[in-house]
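Quick notes on the structure that follows.
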2 protein chains.
Amino acid sequence: MSDNSIPKIVISRLPVYLRALSRMINKGQLVTSSHELGKALGISSAQIRKDLSHFGEFGKQGTGYQVEFLITQLSQILNLDREWEVAVIGSGDIGHAITRYQGFADRGFRVSVIFDSDPQKVGSYINGLEVMHASQIVKVLRERNIQIAMLAIPAEYAQKVTDTVVDAGVRAILSYAPISLNVPDHVRVSYIDPVTHLQSMTYYLSTEQDLMSQPL
Amino acid sequence: MSDNSIPKIVISRLPVYLRALSRMINKGQLVTSSHELGKALGISSAQIRKDLSHFGEFGKQGTGYQVEFLITQLSQILNLDREWEVAVIGSGDIGHAITRYQGFADRGFRVSVIFDSDPQKVGSYINGLEVMHASQIVKVLRERNIQIAMLAIPAEYAQKVTDTVVDAGVRAILSYAPISLNVPDHVRVSYIDPVTHLQSMTYYLSTEQDLMSQPL
DNA sequence: AAGCGTGTGTGAAATATTTCTCAATATGTA
DNA sequence: TACATATTGAGAAATATTTCACACACGCTT
């Protein structure tokens with residue numbers, strides 16, 4: 001059933017399914033089931049089936065799913081049957097780690113250009129890539145038609161740099177800066193801020209009060 | 001109204017509110033409103049008010065919220081009115097970047113110990129911290145009563161190391177390894193996998209087909 | 001070829017989450 | 001003081017998301 005519009009939360013789970021399926025294939029596993037996949041991921045089998053049903057019928061009753069086939073399908077759905085070029089902005093510790101991270105190349109993305117505004121860093125090489133000056137962002141991104149940028153810069157500069165990369169044609173931004181960004185409707189933004197994760201978890205830590213032990 | 005149990009999704013937004021409020025204070029802003037905060041974060045004012053109403057009445061009708069007061073309240077709710085010690089496992093690029101990241105210290109967390117199993121790295125210093133051997137994890141974490149661990153290790157080792165830190169008493173894990181972890185009920189896990197973010201966004205990129213242009 | 005165990009896809013029901021509204025209250029101004 | 005404007009907190013309504021439950025189908029065994 002091609003639905004009018006798939007819930008965003010469903011889309012956000014597909015990469016997680018893909019990740020688990022890839023592990024299965026690497027272990028030589030050819031077939032799986034929604035139950036098994038759900039157990040590995042800590043979610044219900046019904047949810048997995050419902051999620052997949054938005055895009056078609058990929059399983060076989062009584063049997064389950066062919067792992068490789070499902071990977072192919074999910075990759076197509078997510079437009080991962082091509083390689084995406086990514087720009088990294090900022091060559092500090094985070095930009096450095098991102099640029100060298102092998103996990104991108106393995107899963108459809110290639111960091112193909114990195115920028116910094118610090119003259120000390122411009123011209124140096126990270127993972128074989130020369131750090132270019134930030135003033136070149138618009139020119140280079142347009143030339144290479146790069147649509148994805150990762151921001152590894154301080155919060156103070158994040159909005160300004162965002163405006164720049166959007167101007168350069170970027171339509172997806174993954175920001176490591178701890179600040180909410182304003183972008184036009186046609187641009188997607190995701191955030192990675194480890195501190196917000198930690199701060200949510202500490203809510204539950206406290207002094208481990210037993211929630212069941214409340215009087216009455 | 002103290003509810004029986006606050007939705008997890010509400011808790012996950014509080015750190016984001018806190019982040020925005022901190023920026024306001026730093027700019028000297030003393031008062032804000034749900035409307036203004038929502039605009040800065042791209043969410044509705046009603047949602048912010050509803051979220052906060054789970055914990056009490058922090059605003060004043062007609063006026064809004066005292067920024068500093070709200071920060072204090074949110075910090076208490078999230079148990080951030082203390083400093084949390086964090087252990088980093090893995091001293092590769094990511095572990096390195098995490099350990100040096102200033103953003104933790106500023107927001108309630110202190111990386112106070114780092115481990116690696118590579119003899120080449122054990123004994124070296126990162127940000128003034130000596131890298132300890134992974135075999136010391138249980139001993140050191142128990143001694144210091146550390147309850148939060150960040151995993152910056154390859155996926156293959158992640159489950160084993162998770163079991164180790166859980167054994168050592170850790171109750172919150174932030175994992176950078178691209179794999180879903182199994183933990184006992186009393187342990188919280190958050191994941192940071194930049195690739196899943198990118199893969200969700202590429203769903204929307206495609207060749208920018210206009211969704212309105214479907215025939216019929 | 002019939003019976004059994006397994007597992008999908010899906011409508012319906014149950015929950016969860018967000019948005020809508022508006023009475024109540026605060027501030028500023030004339 | 002009266003009035004205009006702003007903004008909260010919360011019940012109700014609207015949406016969104018998850019879970020339930022089961023008909024249907026596949027593969028294996030006998």
Side-chain angles (χ1 to χ4, degrees), chain A residues 1-17 20-21 24 29-74 77 180 200 203, chain B residues 1-17 20-21 24 29-74 77 180 200 203:
Chain A
M1 294 289 138
S2 72
D3 205 311
N4 213 20
S5 145
I6 315 286
K8 207 193 297 188
I9 195 163
V10 171
I11 302 300
S12 74
R13 280 191 294 260
L14 301 186
V16 179
Y17 299 165
L21 291 164
M24 289 177 178
Q29 186 179 348
L30 300 179
V31 174
T32 188
S33 66
S34 60
H35 181 76
E36 184 186 45
L37 195 51
K39 201 173 159 199
L41 298 177
I43 64 187
S44 78
S45 61
Q47 178 158 83
I48 290 172
R49 292 199 303 279
K50 181 70 87 179
D51 283 353
L52 296 178
S53 76
H54 284 98
F55 305 97
E57 308 191 357
F58 304 128
K60 204 184 274 185
Q61 284 157 324
T63 307
Y65 303 90
Q66 299 294 124
V67 177
E68 190 150 18
F69 176 72
L70 193 48
I71 288 176
T72 304
Q73 294 298 308
L74 289 176
I77 292 166
S180 297
S200 307
Y203 171 79
Chain B
M1 293 294 133
S2 72
D3 205 310
N4 212 21
S5 143
I6 315 286
K8 206 193 298 187
I9 195 164
V10 171
I11 302 299
S12 75
R13 280 191 294 260
L14 302 186
V16 179
Y17 299 164
L21 291 164
M24 289 177 179
Q29 186 179 347
L30 300 179
V31 174
T32 188
S33 66
S34 59
H35 181 75
E36 184 186 44
L37 194 50
K39 201 173 160 198
L41 298 177
I43 64 187
S44 79
S45 61
Q47 178 158 83
I48 290 172
R49 293 199 303 278
K50 182 69 84 180
D51 282 354
L52 296 178
S53 75
H54 284 98
F55 305 97
E57 307 192 357
F58 304 127
K60 205 185 274 185
Q61 285 159 323
T63 307
Y65 302 89
Q66 298 295 123
V67 178
E68 191 150 17
F69 176 72
L70 193 48
I71 288 176
T72 304
Q73 295 299 308
L74 289 177
I77 292 166
S180 297
S200 308
Y203 171 79

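Order of the sequence lines sets the chain letters (A, B, ...), proteins ahead of strands, with each chain counted from 1.
Whole-Å rounding puts the B:E57 CD to D:dT7 P distance at 18 Å. Between B:H54 atom NE2 and D:dT8 atom C1' there is a gap of 16 Å when expressed in whole angstrom units. Atoms CD1 (B:I48) and P (C:dC20) sit 14 Å apart, rounded to a whole Å. In this entry the distance linking CD of A:Q47 with P of C:dT10 reads 16 Å, nearest Å. A straight line from CG of A:D51 to C1' of D:dA16 spans 13 Å, rounded to a whole angstrom. For the pair A:I11 CD1 and D:dA16 P, the interatomic distance rounds to 15 Å; values are reported in whole Å. Atoms CD (B:Q73) and C1' (D:dT8) sit 16 Å apart, rounded to a whole Å. Rounding to whole angstrom units, CD1 of residue A:I9 and P of D:dT15 are separated by 19 Å.
Put simply, the side chain of A:S45 does not reach to within 4.5 Å of the side chain of A:I48, judged on heavy atoms. The closest side-chain heavy-atom distance from A:Y203 to B:K8 is not below 4.5 Å. You'll find the side chain of B:S34 stays beyond 4.5 Å of the side chain of B:L37, heavy atoms only. Residues A:F58 and A:L74 form no side-chain contact, since every pair of their non-hydrogen atoms from C-beta on lies 4.5 Å or further apart.
The B:S33 side chain lies nearest to D:dT7 when the options are D:dT7, C:dT18, C:dT27. Taking every side-chain heavy atom of B:K50 into account, D:dA12 is the closest of C:dA26, D:dA12, C:dT10. Taking the side chain of B:S53 as heavy atoms from C-beta on, and the options D:dA10, D:dT19, D:dT18, the nearest nucleotide is D:dA10.
Of the inter-residue distances, the one linking A:R13 atom CZ with A:L41 atom CG reads 10.5 Å to the nearest 0.5 angstrom. Rounding to the nearest 0.5 Å places OG of A:S33 at 9.0 Å from CZ of A:R49. One finds the CD atom of B:E57 at 11.0 Å from the CG atom of B:L52 (value rounded to the nearest 0.5 Å).
Taking only side-chain nitrogens and oxygens, B:R49 comes nearer than 4.0 Å to OP1 or OP2 of D:dT8. Note on B:S34: a side-chain N or O is less than 4.0 Å away from OP1 or OP2 of D:dT8. Proximity of B:Y65 to the phosphate of D:dG9: a side-chain N or O atom is located under 4.0 Å from OP1 or OP2. Side-chain N/O atoms of A:K60 include one lying less than 4.0 angstrom from OP1 or OP2 on D:dG27.
Panel note: side chain B:T72, backbone B:E68; a donor-acceptor pair is recorded below 3.5 Å.
Contact check of residues 35-45 of chain B against DNA chain C (heavy atom, cut-off under 4.0 Å) returns B:S44.
Results of the side-chain contact (heavy atoms from CB on, under 4.5 Å) test with B:Y17 over B:L70, B:D51, B:I71 single out B:D51 as the only residue that passes.
Looking at heavy-atom distances under 4.0 Å, A:L52 makes no contact with the nucleic acid at all.
Side-chain N/O atoms of B:Q61 and base N/O atoms of D:dT7 include no donor-acceptor pair closer than 3.5 Å.
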When you compare the protein's N or O atoms with those of nucleotides 28-30 of chain C, which come within less than 3.5 Å of each other, and at what distance?
none

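Heavy atoms of other residues, nucleotides or ligands lying less than 6.0 angstrom from CD of A:Q29 number more than 12.
When the nearest nucleotides of DNA chain D are assigned to A:G62 and B:G64 by heavy-atom distance, the more 5′-ward of the two goes with B:G64.
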